[in-house]
Amino acid sequence: MFFHIVLERNMQLHPRHFGPHLRDKLVAKLMKDVEGTCSGRHGFVVAITGVEDIGKGLIREGTGFVTFPVKYQCVVFRPFKGEILEAVVTMVNKMGFFAEAGPVQIFVSNHLIPDDMEFQSGDVPNYTTSDGSVKIQKESEVRLKIIGTRVDATEIFCIGTIKDDFLGVISDPGAAV
Amino acid sequence: MGSLEPFNRLVKLAARAFYDDISMKGDNQPKTSRGDNRGMAVVVLDALTRRQWVREEDLAKSLKLHSKQLRRILRFFEEEKLVTRDHRKESAKGAKIYSAAAAAAGDGQSGTKEGEEKVKLHTHSYCCLDYAQICDVVRYRIHRMKKTLKDELDSRNTVQHYICPNCKKRYSAFDALQLVSYTDEYFHCENCNGELVAESDKLASEEMGDGDDNARKRRREKLNDMQQRIDEQLKPLQAQLKRVKDLPAPEFGSLQSWERLNIGAFAHGDPSAADSSRNAQGQYNGTPMPYLGETKVEVALSGSGAKEEGAESGTDGTVMKVLPPWMVREGMNITKEQRGETSNTTKGDEKSEGKDEKKQDSKGDEKSIQDEYIKAYYEALKKRQEEEDAKRMQEEGHTLSSESHAKRLLGTKTKREDGDVEDEGVEWEEEQLAGNTAETYKFVDLNAEAPESGDEEDDIDWEEG
Ligand SMILES: [Zn+2]
């Protein structure tokens with residue numbers, strides 16, 4: 001799920017940036033530092049949408065670095081248990097398959113794949129129904145439900161299922177013309 | 001629009017199945033037995049099945065409930081998607097003018113309503129049952145209950161565990177990324193590179209402790225048992241859902257459109273209908289209760305004396321009433337339908353009845369008072385019925401068209417709960433059983449509790465803006 005929230009961060013800026021473009025430098029550094037990171041609490045920071053407030057800088061003794069408290073708005077992506085996501089399959093093996101929804105990795109173990117889909121090894125390992133009408137392989141797009149998340153300080157990993165109504169393949173790269 | 005009866009029965013069944021033990025208590029109120037208003041939710045739903053759009057103050061009055069308490073219940077049902085509510089600002093005077101206007105079959109809500117008076121505006125809330133949505137909600141609720149259980153049983157939403165046959169190290173699916181091997185299709189142990197086995201496989205289950213296994217088995221049994229009981233206990237409800245499935249749900253529309261429709265009906269329709277509404281208006285001072293045409297069905301019900309008898313003795317299948325559990329006691333001659341059961345008695349029903357009996361016992365001393373009250377009530381009722389019979393005999397001579405007669409009946413019917421009896425041709429089946437007596441019974445508790453709820457926070461904004 002996406003959220004638009006305000007976060008705060010203490011930015012350290014090198015003295016060489018002090019000058020007329022200090023603010024721009026600060027924002028640029030903020031984007032570089034923050035976008036694409038993941039915090040266990042808020043999820044992945046997708047994009048910074050604005051800077052609300054830059055507080056008074058505090059000069060560090062000895063180094064000359066200055067610490068600015070920065071309040072910024074950003075879009076974060078945080079997967080939740082029970083959430084339905086659309087994801088792209090990245091790897092298929094006998095144990096199940098892995099998929100990605102943006103920065104989030106999801107594993108769907110084979111017991112959470114419908115029983116009528118069987119694993120087929122080969123060049124392109126895949127799960128296929130007995131009539132061959134539905135196939136999950138690398139690059140397939142699937143709709144899945146998250147049944148568990150493991151949130152570390154810097155990583156979120158999810159367990160998903162496609163064994164439920166309206167879940168499973170939504171586009172099949174093999175079938176594409 | 002469809003007939004109300006099957007839908008009302010659905011509402012009543014659902015109320016008893018899901019909202020029987022809902023206590024609508026504020027967080028800050030002491031949990032005394034006196035303040036226990038469980039069952040209130042059912043009473044309110046029942047009352048709503050006998051109304052269409054109703055002003056909430058009027059409903060509170062007729063249920064002898066504190067309006068804040070009723071509002072809390074209605075808000076709950078609004079959240080549960082059973083009830084539609086509407087709030088609008090009306091001046092006291094404006095409301096009266098409007099009522100009168102509507103009653104006089106006149107011009108409906110003309111400009112006068114909002115226009116001329118500078119009197120203080122009050123927010124009035126209205127509510128009615130949303131039958132179409134209720135069907136969906138109940139169906140969905142049952143579906144979710146069953147699905148949750150089934151998923152548990154199939155261990156569908158469980159995270160797979162893996163075990164290394166060599167070093168017995170356990171992994172969960174969350175570790176999957178680290179376990180992937182790029183040489184084959186399996187997961188491999190981080191320690192010894194052994195091929196991992198899913199725990200549900202035979203080896204793994206052997207590996208697991210005995211106690212663990214038993215616990216799982218017990219849990220499965222419990223789930224199975226629960227599943228069975230759900231099936232049994234919800235059988236009447238599901239049967240009713242099925243019955244109602246292909247019927248068009250009664251639709252009252254929004255408050256405005258409902259009013260317009262009904263006022264319109266008055267304007268074009270027979271004057272006698274408007275008349276009865278005005279009569280009711282006289283001592284009632286509420287919104288006019290114009291009723292929709294198709295509830296004419298009632299003519300047949302109240303028109304024939306035989307029907308009344310049937311309803312009273314419970315021999316007539318179609319008017320069978322579900323007695324509230326507290327009315328069911330030893331030695332009462334009631335049918336299973338009245339207990340809200342279908343033909344087969346289920347374990348669950350018996351259980352819940354037992355509980356109710358216990359509840360009654362604990363209220364021992366209150367009970368005798370209530371018995372007195374009920375006795376007196378029935379006596380009064382009987383007397384009145386005799387009067388009504390006599391009156392009807394006369395009336396049948398009159399040249400009232402049966403149609404307008406029906407409207408009158410309905411109009412008076414809802415008012416009657418307020419305590420003013422000026423009705424002709426009362427419908428006894430409604431009155432006799434669950435309906436009014438349920439409300440009367442509850443009065444005892446409710447009056448006691450009502451003042452306590454005074455400090456309750458209210459989310460309706462009564463101020464301007
Ligand atoms: Zn190992």
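The analysis underlying the following values was restricted to heavy atoms, covering all of them including side chains, and did not include hydrogens, waters or symmetry mates. Residue numbers start from 1 in every chain, and the chains themselves are labelled A, B, ... in the order their sequence lines are given, proteins ahead of strands. Not measured: the values here are computed from a predicted model.
At most 12 non-hydrogen atoms from other residues, nucleotides or ligands lie less than 6.0 angstrom from OH of Tyr140(B). The neighbour count for Lys25(A) NZ, taken as heavy atoms of other residues, nucleotides or ligands under 6.0 Å away, does not exceed 12. Heavy-atom neighbours of Ile59(A) CD1 from other residues, nucleotides or ligands within 6.0 Å: at or below the threshold of 12. Atom CD of Glu118(A) is surrounded by 12 or fewer heavy atoms from other residues, nucleotides or ligands within 6.0 Å. The local environment of NE2 in His4(A) is crowded, with over 12 non-hydrogen atoms from other residues, nucleotides or ligands closer than 6.0 Å.
When all heavy atoms of Met91(A) and Val180(B) are compared, the pair lying nearest together is CE-CG1, 3.5 Å.
Using a 4.5 Å heavy-atom cutoff, the side chains of Lys147(B) and Asp164(A) are in contact. In this structure the side chain of Phe157(A) never reaches within 4.5 angstrom of the side chain of Asp175(B), judged on heavy atoms.
Using a cut-off of 4.0 Å between Lys/Arg side-chain N and Asp/Glu carboxylate O, Lys94(A) and Asp184(B) are scored as not salt-bridged.
Ring-plane geometry between Tyr162(B) and Phe107(A) is classed as tilted, the angle between the planes lying from 30 to 60 degrees on a 0 to 90 degree scale.
Here the straight-line distance linking atom CD of Gln160(B) with atom OG1 of Thr161(A) works out to 11.5 Å at 0.5 Å rounding. Note that CG of Leu196(B) and CE of Met95(A) are 6.5 Å apart. Values are rounded to the nearest 0.5 Å.
Of the two parts of Leu177(B), the backbone and the side chain both hold a non-hydrogen atom closer than 4.5 Å to a non-hydrogen atom of chain A. Val108(A) does not touch chain B: none of its heavy atoms, backbone or side chain, sits under 4.5 Å away.
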